[in-house]
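To start, the structure under review is shown below, and the notes come after it.
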Amino acid sequence: MADTYDLIILGSGPGGYVGAIRAAQLGMKVAIVERERLGGICLNWGCIPTKALLRSSEIYHYITHAEAYGLSAPKPAYDLEKVVQRSRKVADQLNGGVKMLMKKHKIAVHEGVGKLVGKGKLEVTQGDQKTVLEGKKIIVATGARARDLPFAPADGKKIWTYRTAMTPPEMPTNLLVIGSGAIGLEFASFYGDMGAKVTVVEMLDRILPVEDAEISAFMEKQLKKFGMDIRTSTGLQKLEATPKGVKAEIKAKDGTVTTEEFSHAIVAIGIVPNTENIGLEALGVKTDRGHIVTDGFGKTNVEGIYAFGDVTGAPWLAHKAMHEAVICVEAMAGEHPHEMDVKNIPGCTYSRPQVASVGLTEAKAKEAGYKVKVGKFPFIGNGKAIALGETEGFVKTVFDEATGELLGAHMIGAEVTELIQGYVIGKTLETTEAELMGTIFPHPTISEVMHEGVLSAYGRALHI
């Protein structure tokens, strides 16, 4: 007899385990299937351990600049192995936390590789053993993996993806980062702050291409100030490992092709959905360029099969997957949730400086036909930022001139990944400029730049 459940979830990443918990709360008998570690890529190899690494590099940066704070820290040093060990301990702790949550909510955990083998049936293979689970509903939450360069697959020695970059066998001396999205720039920041010479190559005409153009320009200026070599409108034509490192053939924006050598390279050019060999084709589940096609509630075109998270497409963010999971499970339970509004999904880059945003950029708002009011306020006008020695950055707000609706907010600077949620709440509650202007912000805090950014859009900024 096959094990029978109300719901089976294939994949235990942020979307998978959150969906399982919410389903259990709603009274469902739930099973979750995972081929590696509970928590998926985000918890074990992405969001969380990278932040642990970045915290180490941030502290090391402050130590090496102690004199700016009236302190002395002669001959600062680090132990790379211990830095990595701390990151792995953080991931292990959270992995244990997810195990505890599965036990608390009586969710059955099946370890192994899952595959859809028929209507309401999922086969789990672990070694030589195969088990068939039966479920009234099945959710595919298999996530995604790093995209390789077709002409230079990662070897884990000199050519890395994020997984090797998080557990480096050695510290790069001269690092090539291919791609300037959030993942690329976070690793560029980590290794740059730890002392590596960093070159970032981006095919498009600016780094952080999904962000507001002014944010991208400011970030490029800052990274160059920190000593990074930033090359936009630049292509990589060839990459090969050598006994000493890697050799790259790089085509500059003017068409010039140069061959350069680096100690290591990190490939951060996007992700590929994990949809192969899980039985989608046999059941006729519709996909688009590898991603599973769903409606606003996680339904696929096949009755009883649902999907959410990275496997369904952009934006590839853990918090998006978590929210989708709750919507999907509540909808199947008859709870009538609202569909996901992608305009209210924040994006965060944990580089130095940090970047955070929500909603439309100024350019996208204008393309959509809005007449906009734009406000900007620099960190140099904020007392707390000056006291912290973190004066590089600014906040930018975009409002609909006709209604006062907050269309978008874009920030760069210290701790903006923590601040952005204020604007996200404002957008979710459909606040206008009037409510935001009337909100009291505590003083002295960096959050005051958010208030001033709103005031600035209407010619009322107080501290500049």
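The model shown is predicted, which means the values in this text are computed figures rather than measured ones.
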Query - Stepwise side-chain contact (heavy atoms from CB on, under 4.5 Å) test for Trp45 and Thr167 - result: CA-CA 9 Å; Trp45 296 103; Thr167 56; 3.8 Å; yes
Requested in this report: Would you verify whether the NZ or CZ of Lys51 falls within 45 degrees of the ring axis of Tyr350 while also being under 6.0 Å from that six-membered ring's centre?
Outcome: yes
How far does [atom1] of [X] sit from [atom2] of [Y], to the nearest 0.5 angstrom?
X: Arg460; Y: Glu433; atom1: CZ; atom2: CD; result: 9.0 Å
X: His105; Y: Ile32; atom1: NE2; atom2: CD1; result: 12.0 Å
X: Thr258; Y: Gln237; atom1: OG1; atom2: CD; result: 9.5 Å
X: Lys376; Y: Glu452; atom1: NZ; atom2: CD; result: 15.5 Å
X: Met219; Y: Leu185; atom1: CE; atom2: CG; result: 5.5 Å
X: Asn274; Y: Ile292; atom1: CG; atom2: CD1; result: 10.0 Å

Any [X] side-chain heavy atom under 4.5 Å of [Y] side chain:
X: Asp205; Y: Thr232; value: no
X: Ile345; Y: His319; value: yes
X: Tyr423; Y: Ser357; value: no

Query raised in the report: Asp79 and Arg86: salt bridge (Lys or Arg N to Asp or Glu O under 4.0 Å), yes or no, with the steps?
Result: CA-CA 11 Å; Asp79 185 322; Arg86 176 180 179 272; over 6 Å; no
Indicate whether any N or O donor in one side chain lies under 3.5 Å from an N or O acceptor in the other, for [X] and [Y].
X: Glu211; Y: His410; result: no
X: Ser189; Y: Glu186; result: no
X: Gln85; Y: Arg88; result: no

Check: [Y] main-chain N/O paired with [X] side-chain donor or acceptor under 3.5 Å:
X: Thr164; Y: Thr161; value: no
X: Gln354; Y: Thr417; value: yes
X: Glu435; Y: Thr432; value: yes
X: Ser263; Y: Thr173; value: yes
X: Asn95; Y: Leu38; value: yes

Report task. Report the C-alpha separation of Glu58 and Arg352 in whole Å, then their side-chain angles, then the decisive distance to 0.1 Å, and conclude whether the salt bridge (Lys or Arg N to Asp or Glu O under 4.0 Å) test is met. Result -> CA-CA 8 Å; Glu58 178 185 41; Arg352 189 175 64 83; over 6 Å; no
Query raised in the report: Given Ile215 and Phe394, is the side-chain contact (heavy atoms from CB on, under 4.5 Å) satisfied, shown in steps?
Result: CA-CA 9 Å; Ile215 297 289; Phe394 69 94; 3.7 Å; yes
Quick one: sort the [X] and [Y] rings into parallel, tilted or perpendicular, breaks at 30° and 60°.
X: His451; Y: Phe441; answer: parallel
X: Tyr69; Y: Tyr62; answer: perpendicular
X: Tyr60; Y: Tyr78; answer: perpendicular

**Report entry** Glu392: side-chain contact (heavy atoms from CB on, under 4.5 Å) partners, not counting sequence neighbours
**Finding:** Phe218, Gln222, Lys225
Taking everything shown except [X] itself, do over 12 heavy atoms lie less than 6.0 Å from its [atom1]?
X: Gln93; atom1: CD; result: no
X: Glu36; atom1: CD; result: yes
X: Leu223; atom1: CG; result: yes
X: Arg163; atom1: CZ; result: yes

Report task. Sort out for me which residue in Ser180, Ser233, Ser216 forms a side-chain hydrogen bond (donor to acceptor under 3.5 Å, both in side chains) with Glu202. Result -> Ser180
Lys/Arg-Asp/Glu bridge criterion (N-O < 4.0 Å) met for [X], [Y]:
X: Glu220; Y: Arg206; result: no
X: Arg145; Y: Asp310; result: no
X: Arg231; Y: Glu260; result: yes

Nearest heavy atoms of [X] and [Y], plus distance in Å:
X: Val30; Y: Ala23; answer: CG2-CB, 3.7 Å
X: Thr397; Y: Ala457; answer: OG1-CB, 4.0 Å
X: Ile207; Y: Ile230; answer: CG2-CG2, 3.6 Å

Query raised in the report: Could you walk me through whether Phe399 and Tyr458 pass the side-chain contact (heavy atoms from CB on, under 4.5 Å) check?
Result: CA-CA 10 Å; Phe399 288 91; Tyr458 291 83; 3.5 Å; yes
